[in-house]
Amino acid sequence: MPVTRLNHAVLYVRELARSLAFYRDVLGFEVLIHAPAAAFLRAPGSTNDHDLGLFAIGSEAGSSEAGRSRVGLYHLAWEVDTLAELARFAEVLTAHGALVGASDHGTTKALYAHDPDGLEFEMSWLVPADRVAEATLPEGTVSLPLDLPREIERYGAQTRGGVGVSHVVVP
């Protein structure tokens with residue numbers, strides 16, 4: 001049987017309280033279990049047992065070198081239902097100094113941000129499946145800067161995103 005989806009992710013973090021506050025207060029995750037050095041959280045609307053595990057390894061831990069000098073995970077992508085929700089996250093992430101980029105990948109509209117330990121994540125909205133054909137980028141283009149107001153005008157702020165549609169990013 002094939003793999004069908006990612007069930008959860010586990011991150012090593014420096015300070016549990018700081019990371020827990022970020023994922024709970026900024027991204028809206030529900031704290032299910034909070035132990036002295038670990039926490040398990042669920043994303044709003046998720047039916048998973050948990051979506052994110054956080055394990056504290058201490059404030060002296062070094063930064064991740066993944067993608068710079070070592071192999072490793074680049075980022076996790078959290079999906080939102082509407083462009084209005086993506087716009088809300090753009091404001092929230094900006095207010096917390098976490099937003100580091102915004103890209104239009106054609107079929108996916110994405111925000112990129114860093115958590116308190118500098119680990120990157122993506123907040124993305126997927127173009128509905130019945131509109132994917134009109135969402136392609138010019139040939140040879142991987143991404144363009146995201147113009148969120150234009151995309152809201154194009155698709156509607158409350159249009160629910162597609163399921164099973166994604167993008168490929170080539171470095």
Side-chain angles (χ1 to χ4, degrees), residues 2-11 13 18-32 39-54 73-139 141-171:
V3 172
T4 57
R5 71 188 56 80
L6 177 66
N7 181 267
H8 68 272
V10 176
L11 303 176
V13 299
R18 180 179 68 168
S19 293
L20 190 59
F22 180 83
Y23 284 97
R24 181 192 60 223
D25 301 341
V26 177
L27 299 186
F29 280 71
E30 173 188 7
V31 179
L32 303 172
F40 296 90
L41 302 90
R42 182 171 33 228
S46 173
T47 58
N48 284 342
D49 173 67
H50 68 282
D51 294 294
L52 185 63
L54 301 173
L73 182 67
Y74 170 33
H75 69 260
L76 302 172
W78 308 109
E79 189 176 325
V80 299
D81 285 336
T82 66
L83 285 169
E85 187 67 2
L86 192 65
R88 185 185 74 77
F89 272 116
E91 291 177 7
V92 169
L93 294 168
T94 298
H96 285 84
L99 188 66
V100 297
S103 296
D104 180 347
H105 299 292
T107 59
T108 305
K109 312 309 174 187
L111 304 174
Y112 293 90
H114 287 160
D115 79 356
D117 287 302
L119 300 173
E120 190 161 323
F121 62 91
E122 174 182 344
M123 302 298 288
S124 61
W125 179 81
L126 284 61
V127 171
D130 64 344
R131 298 189 67 184
V132 166
E134 68 187 75
T136 58
L137 296 177
E139 189 169 332
T141 305
V142 176
S143 68
L144 297 170
L146 178 62
D147 182 340
L148 198 47
R150 183 187 72 214
E151 297 305 321
I152 288 172
E153 184 177 317
R154 180 179 184 184
Y155 294 105
Q158 298 301 325
T159 300
R160 291 185 55 89
V163 176
V165 179
S166 193
H167 70 280
V168 175
V169 175
V170 179

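Residue numbers start at 1 and run along the sequence shown. If you're wondering where the values come from, they're calculated on a predicted model, not measured in any experiment.
Shown here is R131, whose CZ atom has more than 12 heavy atoms of other residues, nucleotides or ligands within 6.0 Å.
A heavy-atom distance below 4.5 Å is not found between the side chains of V127 and T108. Between E79 and M123, every side-chain heavy-atom pair lies at or beyond the 4.5 Å cut-off. Contact check for P128 versus T159: side-chain heavy atoms found under the 4.5 Å cut-off.
Residues W78 and F29 place their aromatic rings such that the two centres sit under 6.0 Å apart.
In terms of heavy-atom proximity, D104 sits nearest to P145 at CB-O, 4.0 Å. When every heavy atom of Y23 is checked against every heavy atom of L52, the shortest pair comes out as CD2-CD2, 3.5 Å. Taking all atoms of both residues into account, the shortest heavy-atom contact from L99 to A90 is CD2-O, 4.1 Å. In terms of heavy-atom proximity, A9 sits nearest to L76 at CB-CD1, 3.6 Å. In plain terms, the two heavy atoms of P44 and G28 that are nearest each other are CG-O, 3.1 Å. Looking at every heavy atom in both residues, S19 comes nearest to P116 through CA-CG, 4.4 Å.
Remark: E122 CD to K109 NZ distance equals 12.0 Å, nearest 0.5 Å. Atom CZ of R24 and atom CG of L54 lie 11.0 Å apart (nearest 0.5 Å). Within the model, atoms OG1 of T82 and OH of Y155 stand 14.5 Å from one another, a figure rounded to the nearest 0.5 Å. With values rounded to the nearest 0.5 angstrom, E153 atom CD is found 12.0 Å from L83 atom CG. Distance check, rounded to the nearest 0.5 Å: OH of Y74 to CG of L119 gives 12.5 Å. Rounded to the nearest 0.5 Å, atoms CG (L41) and NE2 (H8) are 12.0 Å apart.
Note on ring orientation: taking the six-membered ring where Trp is involved, the planes of Y112 and H75 are perpendicular (angle over 60°, cut-offs 30° and 60°).
Salt bridge annotation for E91-R88: absent, with no cationic side-chain nitrogen under 4.0 angstrom from a carboxylate oxygen. Salt bridge absent: R42 and D49 never bring a charged side-chain N and a carboxylate O closer than 4.0 Å.
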Discussion item. Using the rule given for side chain to side chain contact (heavy atoms under 4.5 Å, CB included), can you reason through V31 versus L20, listing the C-alpha separation, both sets of side-chain angles and the distance that settles it, and then say yes or no?
Written reply: CA-CA 8 Å; V31 179; L20 190 59; 3.6 Å; yes
Fill in: Worked check of side chain to side chain contact (heavy atoms under 4.5 Å, CB included) between L137 and V142
CA-CA 7 Å; L137 296 177; V142 176; 6.0 Å; no
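With respect to L27, the side-chain contact (heavy atoms from CB on, under 4.5 Å) criterion is satisfied by exactly one of D115, V92, L93: L93.
In this structure, the side chain of T141 does not engage the main chain of S143 through any donor-acceptor pair within 3.5 Å.
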